[in-house]
Amino acid sequence: MSGQRPAEPYDGTPVAALRRIAFLLERGRADSYKVKAFRRAASAILPLPPEEVAAAAAAGTLTDLPGIGASTAKVIAAAVAGEMPERLAAAEAEYGAPLTAGGAHLRSLLRGDLHSHSDWSDGGSPIEEMAMTALELGHEYLVLTDHSPRLKVARGLSAERLARQLDVVDAVNDHLAGSGFTLLKGIEVDILEDGGLDQSPAMLERLEVRVASVHSKLAMDPAAMTRRMVAAVRNPFTNVLGHCTGRLVTGNRGTRAESRFDARAVFEACAEEGVAVEINSRPERRDPPTRLLELARDVGCLFSIDSDAHAPGQLDFPVLGCERAEAAGIESERIVNTWRKSRLLDWARP
């Protein structure tokens, strides 16, 4: 007898194993190149009959299939054999644990996420993959908020591209009809230097939720930045003020100081206009900082706890924002994405 332990059983499909590995790597903010191979392999075998995949695994010819490399072939072969793929077990061990010690109760009350990106701008996955993952996480809705045209570094969407994207959103919703999930039409629209929004009013009118964020000239004079932000908040199309200080506190992009502005004036405008202050859940942002989160709470603002996901696995980030909101004593009723879709859409309508 050998001393080798029997393989742990696995009762999922090869596609599920590949997608779960990709999800966990993204959840751990792994480099995108490490993730793409698993999503590419899942897409490659998804349309194939299971018996064809099993035959290729038995014959050792999986790598002859387009999009399948040596590492992904091992995952597929193990899953076909009903054994836990080693790569999946390793990813579960490294990235599968809870992201926080707190926030679970508030996270259970969230019905959706108002800030996400696809590969139409600077996200890493197709729209349908983002939607499917949100559905699997129990979301009732996800707002697709790719960038607006001025943000060229993020492949911001022109009015023409955004119009085409809205047709894709309709197609995704048709495919998911009856699931209890809706992909909502949105944008992360750039706040211009004069406080205007970087998209035509006609296109903004066609959307369901709009996140307005500053991405340029973050170090401008505090008085000018205050005027800029207040003007954007008072625009009737603005629903959510995204990552208000623009800071970065960690991560592979380095750190970045907060923008300086009169936070009380900005948050009072948010409270008056019914604009939600985003609690951005990305670990490198943690925006707004705690002192400003507490100020927005005291001023009477609404909030939106969002992932700002650029990959499917990052749709799990809102629990990080929930932990911060719970610590700040923010009531769930003031968090707009605890609301039912009908109430959310009524609130977001200009």
Side-chain angles (χ1 to χ4, degrees), residues 2 4-99 107 113 116-119 123-139 142 172 175-176 179-181 183 307 309-319:
S2 72
Q4 189 172 9
R5 295 170 57 186
E8 182 182 345
Y10 176 75
D11 60 3
T13 66
V15 170
L18 292 163
R19 290 184 68 240
R20 178 65 178 170
I21 293 167
F23 174 88
L24 290 166
L25 290 173
E26 290 162 347
R27 190 173 184 262
R29 295 186 294 153
D31 291 335
S32 60
Y33 75 89
K34 295 180 180 178
V35 179
K36 287 181 178 178
F38 295 99
R39 292 210 180 276
R40 186 168 57 246
S43 297
I45 65 170
L46 180 62
L48 302 179
E51 56 272 18
E52 183 177 334
V53 177
T61 59
L62 283 169
T63 54
D64 292 344
L65 299 174
I68 308 298
S71 60
T72 53
K74 289 181 181 178
V75 172
I76 296 167
V80 165
E83 299 175 354
M84 172 63 76
E86 290 182 8
R87 191 68 184 85
L88 176 55
E92 292 283 7
E94 187 168 3
Y95 301 119
L99 293 173
R107 173 64 186 86
D113 187 338
S116 68
H117 299 274
S118 75
D119 60 2
S125 287
I127 293 170
E128 57 270 24
E129 183 68 31
M130 297 296 290
M132 284 298 300
T133 301
L135 171 61
E136 291 163 358
L137 289 172
H139 288 28
L142 173 70
V172 169
H175 180 72
L176 296 176
S179 68
F181 171 84
L183 183 63
S307 66
H310 286 64
Q314 295 172 6
L315 289 167
D316 228 9
F317 283 172
V319 70

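Residue indices begin at 1 and follow the sequence shown.
The environment of CD in Glu86 is sparse: at most 12 heavy-atom neighbours from other residues, nucleotides or ligands sit within 6.0 Å. Around atom CG of Asp31, more than 12 heavy atoms belonging to other residues, nucleotides or ligands sit under 6.0 Å away.
At a threshold of 4.5 Å between non-hydrogen side-chain atoms, the residues Phe23 and Asp316 count as touching. In this structure, the side chains of Thr72 and Arg40 stay at 4.5 Å or more apart for every pair of heavy atoms. For the pair Arg39/Ser125, a side-chain contact is recorded, criterion being any heavy-atom separation below 4.5 Å from C-beta on.
Contact record, Ala22 with Phe38: CB-CB, 4.2 Å, taken as the closest heavy-atom pair. Nearest heavy atom pair, residue Ala42 against residue Arg19, reads CB-CG, 4.0 Å. Residues Pro85 and Ala17 come closest through the heavy atom pair CG-CB, 4.2 Å. Minimum heavy-atom separation, Asp113 to Pro318: OD2-CG, 3.9 Å. Of all heavy-atom pairs spanning Met130 and Ser116, the tightest one is CE-CB, 4.3 Å. Pairing each heavy atom of Asp119 with each of Gly124, the nearest pair is CB-C, 4.2 Å.
In this structure, CD1 in Ile68 is found 7.0 Å from CG in Leu18, a value given to the nearest 0.5 Å. Note that CE of Met84 is 8.5 Å distant from CG of Asp11, once rounded to the nearest 0.5 Å. Once rounded to the nearest 0.5 Å, the distance linking OG of Ser71 with NZ of Lys34 reads 12.0 Å. To the nearest 0.5 Å, the span separating CG on Leu62 from NZ on Lys74 amounts to 12.5 Å. In this structure, His117 NE2 and Gln314 CD are separated by 10.0 Å, a value rounded to the nearest 0.5 Å. With values rounded to the nearest 0.5 angstrom, Tyr95 atom OH is found 13.5 Å from Arg20 atom CZ.
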- Item | side chain to side chain contact (heavy atoms under 4.5 Å, CB included) assessment of Glu136 paired with Leu315 | CA-CA 10 Å; Glu136 291 163 358; Leu315 289 167; over 6 Å; no
- Query: Would Leu24 and Leu88 count as a side chain to side chain contact (heavy atoms under 4.5 Å, CB included) if you check the C-alpha gap in whole Å, the side-chain angles of each, and the deciding distance to 0.1 Å?
  - Reply: CA-CA 9 Å; Leu24 290 166; Leu88 176 55; 4.3 Å; yes
- Message: Using side chain to side chain contact (heavy atoms under 4.5 Å, CB included), reason through Leu135 and Leu176 one step at a time and then give a plain yes or no.
- Response: CA-CA 9 Å; Leu135 171 61; Leu176 296 176; 4.2 Å; yes
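A donor-acceptor contact shorter than 3.5 Å is absent between the side chain of Glu94 and the backbone of Ala90.
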